[in-house]
Amino acid sequence: MASTALLLLLAMAILGGSVRCFASDTISADSAISGLRTIVSKGGSFEVGFFRPAGSSDRNYYVGIWYKKVVSQRQRTPVWVANRAAPVSDPASSKLAVAADGNLVLTNEAGKHVWSSNVSSSYSGDVVAVIMDSGSLVLRRHNNDGEVLWQSTDHPTDTWLPGVRLGMNKITGEVQRLASWKSSVDPAPGLFSLAIDPNGSSQYFLTWNGTENFWTSRLWNGEIFAGVPEMMSHAKYYFGFVSDANGSYFTYSQQDPTAISRVVLHVSGQVRLIMWLPSTSEWMVIWTEPHKLCDVYAVCGAFGVCTENNEPEPSCSCPAGFRPSSQGDWELGDHSRGCRRNHPLQCDDVGANSSMHDKAKDGDAFLLAPGISFSLAGISMQRNNPAPAQASSSKGCRLACLRSCNCTAYSYGSHCSLWFGDLLNLQRVDDTAGMDHLYLRVSAMDVPSLKGHKRMVIFVSIASVALILVLSVIVSVAVMRTLRKRQRSVAFTQAASEGGSLVAFKYSDMRSATRNFSEKLGGGGFGSVYKGTLLGSRAAIAVKKLEGCVSGVGEKQFRNEVRTIGVIQHVNLVRLRGFCSRGGERLLVYDYMPNGSLDRALFGAGAPALSWPARFRIAVGTARGLLYLHEGCRDCIIHCDIKPENILLDGNLVPKVADFGMAKLVGREFSRVLTTVRGTVGYLAPEWIAGVPVTAKADVYSYGMVLLEIVSGRRNARCWADTEQEGPSFSGYFPLVAARMVSGGEDLAGLLDERLRGDADAAELERMCRVACWCVQDDEARRPTMEQVVQALEGVVAVDVPPVPRSLQALVEGSAGSVLSVCASACFYGTSGSHQQNSSC
């Protein structure tokens with residue numbers, strides 16, 4: 001039992017700072033929250049600290065409160081955010097502390113106050129902030145449990161917790177309201193809010209943009225709100241409404257005090273009561289208001305069409321002739337900006353006598369929106385109510401709309417109706433019987449029939465001009481030959497430019513660039529690499545010529561590498577300029593790295609020893625590259641083959657992670673992936689061998705092994721005979737030697753590459769060795785993330801002493817035969833993953 005507790009404390013230390021951070025529930029002037037430090041309520045229910053929203057690609061951090069015991073899909077569930085509209089970019093240099101005036105203040109990396117509790121108090125010097133098991137962060141006098149100066153539950157964000165009051169202070173007029181997040185990754189206040197009627201009635205309103213009340217709970221009848229009858233059917237919850245001279249508020253509690261539930265105002269605008277199910281590690285929705293997502297006001301924005309599909313997220317689409325105003329926002333669940341026309345309108349306020357055909361020919365037209373109408377809930381609050389128009393036919397109704405540039409749609413059935421401005425609350429319906437047809441105004445360029453008419457006019461014009469061009473065909477042929485040569489040069493020049501997209505090179509061009517593949521830089525299991533020069537720009541390139549494409553092995557690596565690294569760029573990732581595919585030939589074109597791969601710099605015969613500053617920069621740069629792969633990309637990318645051979649060095653010894661042929665993309669909705677074993681023996685994490693689904697922590701293990709090789713300047717897998725024993729032993733297996741010395745608190749200078757003659761920064765050496773030993777822990781949960789690795793190497797957070805991994809200990813506890821087998825296997829595969837013997841064996 002004691003050993004289990006010790007292991008838990010060690011794991012918490014590497015993942016979140018020093019152990020004493022987890023024992024404290026208090027923030028004071030002398031004990032601030034910064035970096036990875038958090039505070040936890042005494043009962044372990046809630047935690048306060050810096051966090052980054054799940055799925056966010058921005059470097060925005062927030063101070064928040066989240067459930068300590070609830071981890072949904074390995075992500076935190078925030079219930080309150082302090083600086084929701086003012087994120088910080090560096091939590092390590094930001095801090096949340098009690099200021100001299102007694103306020104709780106958040107200071108960013110520039111020393112600027114970005115959030116404060118804003119309490120007017122005469123107390124100073126004896127004020128602390130404490131996180132309670134109710135989920136409330138309370139500011140109070142030190143050692144005084146009764147006098148509360150400020151508490152977070154009086155200023156809710158999007159979540160309403162059991163026992164918390166939500167209402168209005170009738171004395172001050174202050175109204176407590178929930179405000180939705182702007183998107184799933186942005187906690188800034190969104191368009192939707194929930195609050196009590198400020199006029200004093202006992203009902204709550206859902207409001208859009210602070211102006212449109214689109215749902216009401218209706219009045220409290222003493223037991224439930226009349227508009228929420230489902231409250232009666234849930235005996236597990238107690239509901240209460242209080243109204244007196246001081247204020248009016250609503251609260252709820254649970255029959256089972258151990259249950260975890262919350263009311264949240266979702267990004268979509270729905271109010272949801274949800275409960276945590278420990279058996280499935282998921283949140284279950286108890287009830288929602290409004291019941292249908294499409295009944296939420298403007299849920300899909302202007303001109304957005306909502307479709308009911310019984311999913312937790314709204315199904316929004318754009319009608320014909322329209323597209324999302326911001327595709328990126330839509331992917332994050334933020335549809336507030338709605339849809340915009342594919343092409344702008346060409347309205348010029350034609351007069352009443354103008355011909356509709358003349359108008360539509362070069363200007364605006366209309367497209368039928370089949371099966372689209374206004375939602376029943378939204379039509380009563382539609383800001384742009386239809387205006388009747390005098391028209392005896394659909395054509396006349398169309399012309400009436402064309403007369404005004406502000407008219408955006410019309411419908412004609414029993415009568416003519418015109419709409420003006422942006423249309424909200426559009427919904428796709430199944431039953432269209434008796435429904436008037438809705439026509440949306442678009443540019444004539446988006447109407448297929450009119451586009452065909454324009455094509456015909458253009459075709460006739462081109463045909464006429466072509467008769468004249470025939471006379472100069474002979475001259476044109478010569479010109480085109482010259483242009484083709486120039487285009488080839490332009491393709492190379494574009495590839496050489498910074499930030500250019502991938503270029504599909506011709507095989508003949510690559511053969512010329514590499515002088516018929518004459519200068520070989522190296523090779524491996526999948527092919528050879530040649531040096532070349534881009535025509536036109538004279539930029540040096542490295543061309544990887546893949547082998548085995550006919551059998552499918554090289555083809556798979558080719559497609560994987562183009563798909564993975566072709567869409568990302570980072571200073572510590574090798575840049576893929578382009579590719580070539582011809583018959584069975586597959587080529588990949590990269591920037592040329594003058595200093596080759598890290599294994600040559602560390603282990604190459606006759607190579608000058610890398611200085612300690614260079615080694616440390618390489619270690620940090622490689623970690624940053626892996627951090628970008630794991631957290632900075634749209635999908636998490638697991639490299640799967642981190643080793644010195646796949647870390648390249650440019651002219652300034654800046655490291656570039658390379659060779660993505662074995663990489664695996666993992667969607668953000670998944671935490672791990674099941675795949676076949678891939679990588680290089682000697683750098684493989686234990687979970688690869690166990691055959692279980694892997695996570696990005698597999699790269700962390702490999703990175704830890706590389707760190708040890710950077711420190712020692714020799715292969716980890718090197719084995720030799722112990723002079724005091726008969727036969728080989730693992731007394732010199734470096735990872736085990738290093739782990740024991742680090743764990744035992746010994747002088748780590750003995751681990752250093754002897755070529756450095758002890759010339760290394762002692763603090764950096766200790767950090768690097770400790771981080772490496774944490775990275776190679778057997779249990780992936782005990783390994784740090786790459787973000788924590790970067791912070792630890794840079795000295796932002798302290799690193800505790802790691803235990804010796806059991807798998808390394810098992811090597812020396814096994815039989816002599818098994819030791820020989822492991823040694824031989826590591827030496828045989830340890831360099832490149834191909835069947836080539838390790839020269840260090």
Side-chain angles (χ1 to χ4, degrees), residues 298-307 316-331 334-374 382-387 389 391 393-413 416-428 432 435-463 465:
V299 65
C300 293
F303 295 105
V305 181
C306 182
T307 303
C316 295
S317 60
C318 294
F322 291 76
R323 57 181 172 175
S325 296
S326 174
Q327 186 64 45
D329 289 346
W330 274 49
E331 292 174 357
D334 178 11
H335 305 96
S336 60
R337 296 172 62 182
C339 304
R340 61 185 175 91
R341 293 174 177 83
N342 293 332
H343 299 91
L345 297 177
Q346 303 296 318
C347 182
D348 55 5
D349 280 318
V350 297
N353 297 323
S354 298
S355 166
M356 179 189 65
H357 177 74
D358 292 339
K359 172 60 190 171
K361 182 171 61 176
D362 295 313
D364 302 338
F366 292 87
L367 278 177
L368 173 64
I372 296 177
S373 183
F374 294 98
Q382 174 69 33
R383 292 181 303 172
N384 304 308
N385 289 322
S393 65
S394 176
K395 183 175 181 180
C397 191
R398 177 182 302 212
L399 182 58
C401 188
L402 279 175
R403 291 191 180 114
S404 173
C405 287
N406 294 323
C407 183
T408 55
Y410 79 92
S411 67
Y412 186 82
C416 175
S417 297
L418 306 181
W419 275 267
F420 298 87
D422 294 341
L423 299 189
L424 302 174
N425 305 304
L426 295 177
Q427 182 178 2
R428 194 173 301 279
T432 60
M435 187 178 73
D436 290 350
H437 294 306
L438 181 67
Y439 292 85
L440 300 179
R441 188 174 194 158
V442 295
S443 169
M445 298 179 64
D446 292 313
V447 179
S449 60
L450 297 180
K451 288 170 67 177
H453 176 79
K454 285 190 172 184
R455 290 194 189 101
M456 180 62 68
V457 174
I458 295 173
F459 175 78
V460 173
S461 300
I462 293 177
V465 175

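These numbers come from a predicted model, not from an experiment.
- A distance of 12.0 Å separates CG in L423 from CZ in R441, rounded to the nearest 0.5 Å.
- Checking side-chain atoms of S325 against main-chain N and O of G338 turns up a donor-acceptor pair under 3.5 Å.
- Closest approach of S404 to F420, counting heavy atoms only: OG-CE2, 3.9 Å.
- In this structure, the side chains of C401 and R403 stay at 4.5 Å or more apart for every pair of heavy atoms.
- One distance of note links CG of L402 with CZ of F366; it measures 4.5 Å at 0.5 Å rounding.
- Between the OG1 atom in T408 and the CZ atom in R341 there is a gap of 6.5 Å [rounded to 0.5 Å].
- Once rounded to the nearest 0.5 Å, the distance linking SG of C397 with OH of Y412 reads 7.5 Å.
- Rounded to the nearest 0.5 angstrom, T307 OG1 and I372 CD1 are separated by 8.0 Å.
- Judged by distance alone, with hydrogens and angles left aside, the side-chain atoms of S443 form no donor-acceptor pair with the main-chain N or O of D446 at under 3.5 Å.
- Every residue meeting the salt bridge (Lys or Arg N to Asp or Glu O under 4.0 Å) condition with R337, not counting sequence neighbours, appears here in chain and number order: D329.
- Taking 4.5 Å as the limit, some side-chain heavy atom of L426 sits within range of a side-chain heavy atom of F374.
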Can you list the steps and then say if C300 with C316 is a disulfide bond (SG atoms under 2.5 Å apart)?
CA-CA 6 Å; C300 293; C316 295; 2.0 Å; yes
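- A donor-acceptor pair under 3.5 Å links the side-chain atoms of N425 to the main chain of A298, judged by distance alone.
- Y439 contributes atom OH, which lies 5.0 Å from atom OG of S394 (distance to the nearest 0.5 angstrom).
- You'll find the side chain of V442 reaches within 4.5 Å of the side chain of F322, heavy atoms only.
- V299 has its side chain out of reach of Q427: every pair of non-hydrogen atoms, C-beta onward, lies at least 4.5 Å apart.
- Using a 4.5 Å cut-off on side-chain heavy atoms (C-beta onward), C306 and H335 make no contact.
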